[in-house]
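Computed from heavy atoms alone, side chains included, the values below leave out hydrogens, waters and symmetry copies. Chain A is the first sequence line, chain B the second, and so forth, proteins listed ahead of strands; every chain is numbered from 1.
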Amino acid sequence: MADQGKNKLHVYNTLSREKELFESLNAPHVGMYVCGPTVYGDPHLGHAKSYVSFDVVLRYLRYLGYKVRYVQNITDVGHLVGDAEEGEDKLSKQARIEQVEPMEIAEKYTYSYFRDMDKLNVLRPDIAPRASGHIPEQIAMVKKLIEKGHAYNADGNVYFDVSSDEEYGKLSGRKTEDAESGTRVDVASDKKNPEDFALWKKADDGHIMKWDSPWSIGYPGWHVECSAMSTKYLGESFDIHGGGLDNQFPHHECEIAQAECAHDAPFVKYWMHNNMVTLEGQKMGKSLGNAINLDQFFTGNHDLLSRGWPPEVIRFFLLQSHYRSTTDFSEEALSAAEAGLKNLHSMVMAIDKAEPGSGTAFDLDGLKHAFETAMNDDFNSAQAIAVLFDQLKEVRKNINNGQAPENLDTLKILLHSIVEEVLGLWPKQASGSNEETLNGLVELLIEIRTQARSDKNFELSDKIRDDLDKLGVKLMDSKDGTTFTID
RNA sequence: GGCGACAUGGCCGAGUGGCUAGGCAGAGGUCUGCAAAACCUCGUACGGCGGUUCGAAUCCGCCUGUCGCCUCCA
């Protein structure tokens, strides 16, 4: 474990509604499961917030020395558009619209999901199990629930009997009586009670994605895939389960019910939920006409956007607020984040490029401690970023004054682990030999320009600077010479 | 209607019973052929009304507003 002193990681647990000391069930191992996407559409800002948030959770746990196994499912089994008895499943519907096989839809959007997450520098899960590849495990769990009297078969449809589980509702704090009053009760339902939920549904003739089972040819209920797959890869009890706040009920509540009734063991120790994203103060939704997917954000290819916003800006913006707060996206806010990120990058690069000097040693422990204190408080990345600005400013100043700290090399290592490994915000760099060539060329132009300047040939010197600027190379003059940055 | 969360300076956004969060934007200045960058200085905010307290933006109550969940959703 990293040296944390008395300062230990605390995690807000939705189960207790409190921040709790984090203690893994089987240290140094940590099992972490986060609900993955249903792959029937391009990922949007909401996915970005959720997966960037848990990416930092994962990265910080690893920074602390935990051996984390990170599992994130891919929901590629079509579930109903609504929860009514009839209705079309989401993948089939999209397949019909795009006139392809449902599995082509799943493949296509699995691809775009990982493509966009990669751009956001979100680490891939260690295991990304597909629901369609785990039908036997799901059937086995349903069987077990029937055997134990927690589920019943109603003519090929299998439902979980909520009344058989006294603890149902403990995550969301919801009483089943509450739900009844507000929800339209489906009169034609073959459920014993309206709050019972499907474990297995019989497929009608038009349903394409279906499998054989002891009860009917059909398909599994939405909730059971997560219980079955998390159990398979992380065991009956594991440490962290994450997801969006909107999944708290009914999805996660149902997962708990299934898993705990099937295994008679506590399912998850810490439940974590990220808050939602709004756009200009409004919920995003297709019906509201403001649903912008991530690729459109990156490229700016949308009527509501004046330009594209680089993935790293979106990541930085998200990390500047807490994962349990709602995040409101606006171009004004993104623009501020972009400038802030640029500033952070320039500090980090100034330090990374500098050589140790004779200046006073930088207080490494102070930075490490302040960073960890922030992150230990339920992954407060916003505070952690403030710490960086606060403390690195001084170092840059000293470097500029020729007073680089003597322990700069150690600082660089710490900075890499904080900014690169944990926050995933390290500046992008041109790669390998190209970079050397490029730097050499720019330095050559700077030499020529310096000569022009000393000859008072400002026409030439300004042309060099302006033309390089158009190519994304910014020159900055100072007493000690000219430095440059490359976008 | 039921349940829950949140309301912080121009914008974003941490925090918290008494001491400057931070970023962006803005103003002035240093430097500079000019520009940019960097550096220095500047803002005394916490929805409203009550209450607890020596003291609250921070705790309690009420009100208002926003958002979420209650149906698939990260």
A.B. asks: A:S325 near the nucleic acid: base, sugar-phosphate alone, or nothing, with a heavy-atom cut-off under 4.0 Å?
C.D. replies: sugar-phosphate
A.B. asks: How does protein contact run along nucleotides 20-25 of chain B, one letter per nucleotide 5' to 3', with B for base contact, S for sugar-phosphate only, - for none, heavy atoms under 4.0 Å?
C.D. replies: -BSSS-
A.B. asks: Which value, in whole Å, describes the distance between the C1' atoms of nucleotides B:C63 and B:U71?
C.D. replies: 32 Å
A.B. asks: Are A:H134 and A:Y233 an aromatic pair, judged by ring center distance below 6.0 Å?
C.D. replies: yes
A.B. asks: Tell me what A:V34 touches on the nucleic acid: a base, only sugar-phosphate, or nothing, going by heavy atoms under 4.0 Å.
C.D. replies: nothing
A.B. asks: Residues of residues 42-53 of chain A with any non-hydrogen atom less than 4.0 angstrom from an atom of RNA chain B: list those, numerically ordered, please.
C.D. replies: A:H44, A:G46, A:H47, A:S50, A:Y51
A.B. asks: Quick check on the 6.0 Å ring-centre criterion: do A:Y51 and A:Y113 meet it?
C.D. replies: yes
A.B. asks: Apply the side chain to side chain donor-acceptor pair (under 3.5 Å) test between A:K19 and each candidate in A:N376, A:D378, A:D377; give the one that qualifies.
C.D. replies: A:D377
A.B. asks: For RNA chain B, which ranges pair as stems of 3 or more consecutive Watson-Crick or G-U pairs, with both donor-acceptor distances under 3.5 Å?
C.D. replies: B:1-7 with B:64-70, B:10-12 with B:22-24, B:26-30 with B:38-42, B:47-51 with B:59-63
A.B. asks: List in chain and number order the residues that pass side chain to side chain donor-acceptor pair (under 3.5 Å) with A:S335, two or more places apart in sequence or in another chain; answer none if no residue qualifies.
C.D. replies: none
A.B. asks: Nearest nucleotide by nearest heavy atom, which residue falls closer to the 5' end of RNA chain B, A:D328 or A:M347?
C.D. replies: A:D328
A.B. asks: Remember a base hit wins even if backbone is also touched, and classify A:N380 as base, sugar-phosphate or nothing at under 4.0 Å, heavy atoms.
C.D. replies: sugar-phosphate
A.B. asks: Both A:S346 and A:N274 contact RNA chain B. Taking the nearest nucleotide for each, which residue is further toward the 5' end?
C.D. replies: A:S346
A.B. asks: In chain order, what residues pass the ring-ring contact (aromatic ring centres under 6.0 Å, His included) check against A:Y323, with sequence neighbours excluded?
C.D. replies: none
A.B. asks: For A:F267, what residues pass the ring-ring contact (aromatic ring centres under 6.0 Å, His included) criterion, not counting sequence neighbours?
C.D. replies: A:F238
A.B. asks: What I want to check is whether the side chains of A:N73 and A:E225 have a donor and an acceptor closer together than 3.5 Å.
C.D. replies: yes
A.B. asks: Mind checking A:D477 for me? I need base, sugar-phosphate or nothing, with any heavy atom below 4.0 Å counting as a touch.
C.D. replies: base
A.B. asks: Has the side chain of A:D239 got a donor or acceptor atom that lies under 3.5 Å from a matching backbone atom of A:M32?
C.D. replies: no
A.B. asks: Looking at A:Y111, I want to see if its OH is surrounded by more than 12 non-hydrogen atoms of other residues, nucleotides or ligands under 6.0 Å.
C.D. replies: no
A.B. asks: Given the C1' atoms of B:G61 and B:G13, what is the spacing between them in whole Å?
C.D. replies: 28 Å
A.B. asks: Does A:R453 reach a base, just sugar-phosphate, or nothing at all? Heavy atoms under 4.0 Å.
C.D. replies: base
A.B. asks: Checking A:D126 side chain against A:V71 main chain: does a donor-acceptor pair fall under 3.5 Å?
C.D. replies: no
